[in-house]
Amino acid sequence: MQALRIHNTLTRRADAVEPHADGSPVTFYSCGPTVYDDAHIGNFRSFLNADVLRRTLELLGHRVHHVMNITDVGHMTDDSSADGGGEDKMAVAGRRIAEAKKAGKLPAGTDVDPGNPGAIADFYAGRFLEDARALGLKVALEAHAHPERADALMPRPTRCIPQMIAMIERLVANGHAYVAGDGVVYFDVRSFPAYGALSGNTIDRLREGAGERISAENQAQKRHPADFMLWKPDMSHLMRWPSPWGEGYPGWHIECSAMARMLLGDEIDIHSGGEDNIFPHHECEVAQSRCATGRPRFARHWFHTRHLVVEGEKMSKRTGNFFTARDLFAKGHTPAAVRLELIRTHYRSNANFTLQGLADCQRMIDRWSRAHSELLSRAAPSPDESRPAGPFERALASFTDGLCDDLNVARAIAALNEACAAPAVERDAACAHRELAAMLAMDSVLGVLGRNRAAEHAPPAGDPGLAQQVERLIAERTAARAAKNWAESDRIRDALAAMGVAIKDGAQGTTWSRTAG
RNA sequence: GGCCGAGUACCCAAGUGGCCUAAGGGGACGGAUUGCAAAUCCGUUAUUCGUGGGUUCAAAUCCCACCUCGGCCUCCA
């Protein structure tokens with residue numbers, strides 16, 4: 001089996017990814033979304049890169065046990081008092097939903113109680129899963145296909161509170177956590193000398209920067225400024241549970257430690273997230289997990305995706321370059337193009353998401369789709385083994401080499417493009433059956449061929465009669481063309497363009513699609 | 001302020017000491033095709049790699065300085 005080498009944040013070099021034991025599945029935990037709002041394309045870049053890693057492992061013949069959490073505990077918004085101050089994010093989401101409801105902007109067929117945090121979380125979790133499936137996130141497809149395993153594949157912290165409490169109890173019992181004067185349970189970072197190994201921080205250096213974002217009152221309760229919260233008793237929090245330390249809610253990091261352990265065991269092979277998770281989130285996870293399990297390791301391999309910028313600028317709602325996946329689908333972009341645009345740049349570079357790039361991806365995918373249809377139509381039921389390897393079979397080798405080299409997706413894509421551009425004589429000489437298999441193997445990682453269809457023929461919201469209208473105009477234009485009435489024909493084409501509909505005159509008649517945007 | 005990444009053509013983006021007078025895609029331009037378009041097919045499109053120095057027989061790749069952008073320094077993918 002070919003080795004996949006991936007940069008490991010922990011060791012700061014490219015390490016081979018392999019299961020902890022021969023023949024076992026690779027255990028893989030991904031930090032998933034919070035469900036206080038729709039996930040944006042930056043979130044999805046991180047999830048999709050994890051998906052590409054998982055699919056690459058599967059292409060190489062590994063089995064992968066992949067888990068991605070969906071965080072539904074209401075955390076706090078205020079960053080000036082980071083140890084539990086500010087406003088509950090679930091409350092903010094509830095207000096947003098209440099406003100949308102009032103304005104009649106809630107999607108048809110949905111009714112959410114804005115005062116019920118569980119309902120809010122379910123609402124956004126449902127939307128996330130829809131987007132995730134559209135984009136081909138395999139773990140979401142798997143959870144959908146096996147509802148009985150959904151909670152084990154995409155766990156929710158609110159359903160795992162006992163496991164978190166058990167882990168915190170263990171940490172308190174073995175001296176790695178303590179109850180402070182304010183009743184809050186903190187992890188004692190000085191009890192864990194390896195704290196900082198993942199992020200490259202040291203406890204001393206953290207102390208220097210610590211003064212800026214943490215309120216003095218909170219700091220005064222802790223033994224060390226870097227100590228972080230495990231449980232906060234708080235009767236005012238929207239979501240709260242009974243615990244040995246009083247009714248309240250868990251700290252931000254403990255959920256992943258508890259769920260990873262519960263579902264994948266004390267040590268896991270890969271753990272992924274966005275680059276901002278390295279510190280403090282993943283650093284704290286390592287500390288909690290190792291101190292609770294007593295193991296020398298938590299995750300063997302840490303995989304972090306760098307952030308995304310949009311049109312060269314940091315994505316922000318204010319500058320108008322903020323996109324959720326569903327925003328793009330609604331504008332007519334295919335999930336395939338969104339997926340490819342988000343995975344085509346190396347995961348350790350800042351990617352620049354652009355509308356032009358999305359269009360580029362769409363054209364590439366359309367070409368791959370044509371090549372795929374062509375192979376499909378030529379593939380014989382029984383392969384002719386005597387034929388030499390064709391362009392796609394050869395491309396699969398360099399495609400795989402590219403991916404094995406720290407997930408070089410750009411190189412993999414170039415290999416596929418070159419196969420599609422191979423001269424017809426070469427293509428005809430090859431065994432179409434094997435060529436098709438090679439192409440599907442490549443798509444098993446890229447994951448675009450089955451997703452190259454958006455809502456393009458679905459009429460846009462508020463205009464259900466569009467399809468019939470378009471068909472009628474096309475029929476009129478076809479008649480005009482038959483009569484060689486070019487002026488009328490062009491007038492209809494312009495009218496369709498004004499409606500946001502592009503047409504193509506092909507051998508099988510005229511086809512149409514909505515223009516994105 | 002401290003620590004970390006990154007800057008390659010009009011755009012996206014590989015390449016990390018000689019195979020680079022720099023992959024792949026898009027765009028643009030020229031040609032084929034088309035009533036005209038669109039789509040498709042063929043061809044052309046960086047002697048140059050943020051800027052200035054340095055090391056080396058050899059640098060996009062290593063070193064130094066500067067500029068610009070991004071991340072982290074207890075919300076964040």
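Only a predicted model underlies this, so the values are computations on that prediction, with no experimental measurement involved.
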Hydrogens and angles aside, do Asp366(A) and Ser369(A) bring a side-chain donor and acceptor to less than 3.5 Å of each other?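 Ser369(A) and Asp366(A) do not have a side-chain donor-acceptor pair below 3.5 Å.
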Write down the distance separating the [atom1] atoms in [N] and [M], rounded off to the nearest Å.
{"N": "rG24(B)", "M": "rC64(B)", "atom1": "P", "answer": "34 Å"}
{"N": "rU45(B)", "M": "rG35(B)", "atom1": "P", "answer": "32 Å"}
{"N": "rA28(B)", "M": "rG18(B)", "atom1": "P", "answer": "36 Å"}
{"N": "rG15(B)", "M": "rA9(B)", "atom1": "P", "answer": "16 Å"}
{"N": "rA23(B)", "M": "rG71(B)", "atom1": "C1'", "answer": "29 Å"}
{"N": "rA59(B)", "M": "rC49(B)", "atom1": "P", "answer": "12 Å"}
{"N": "rU16(B)", "M": "rC76(B)", "atom1": "P", "answer": "35 Å"}

Results of ring-ring contact (aromatic ring centres under 6.0 Å, His included) for Phe353(A) - residues two or more places apart only: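 Per chain and number, Phe353(A) pairs via ring-ring contact (aromatic ring centres under 6.0 Å, His included) with no residue.
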For a quick check, with a 4.0 angstrom heavy-atom cut-off, what is the B/S/- contact string for nucleotides 35-40 of chain B, read 5' to 3'? BBBBSS
Nearest-nucleotide 5' precedence on RNA chain B, Met315(A) against Asp405(A):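 Its nearest nucleotide being more 5', the pick is Asp405(A).
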Nearest-nucleotide pick for Asn352(A), side chain only, options being rG5(B), rA13(B), rC73(B):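 Shortest atom-to-atom distance from the side chain points to rA13(B).
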Convert the base pairs of RNA chain B into dot-bracket notation, remembering that pairs crossing earlier ones are written with [ ] and that bases paired across to another strand are shown as |; include only Watson-Crick or G-U pairs under 3.5 Å. ((((((((.[[[..)..(.....]]]((((((.......))))))....[[[[[..)....]]]]])))))))....
Please write out the pairs of protein N or O atoms and N or O atoms of nucleotides 18-24 of chain B separated by less than 3.5 Å, giving the distance to one decimal.
from	atom 1	to	atom 2	distance (Å)
rG24(B)	O2'	Asn417(A)	ND2	2.7

Identify whether any heavy atom of Gly273(A) sits under 4.0 Å from a base atom; if not, whether one sits that close to sugar-phosphate; answer base, sugar-phosphate or nothing.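 Sugar-phosphate, no base atom in range.
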So Lys314(A), base contact, sugar-phosphate only, or nothing? Heavy-atom distance under 4.0 Å.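 The residue Lys314(A) makes sugar-phosphate contact but no base contact.
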Parallel, tilted or perpendicular: ring planes of Phe228(A) versus His253(A), cut at 30 and 60 degrees: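 Because their plane-to-plane angle is over 60°, the rings of Phe228(A) and His253(A) count as perpendicular.
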For residues 302-310 of chain A, which residues have at least one heavy atom under 4.0 Å from RNA chain B?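 Output list: Arg306(A), His307(A), Leu308(A).
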Please identify each residue that fulfils side-chain hydrogen bond (donor to acceptor under 3.5 Å, both in side chains) with Arg344(A), with sequence neighbours left out.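 Checked Arg344(A) against side-chain hydrogen bond (donor to acceptor under 3.5 Å, both in side chains); matches are Glu341(A).
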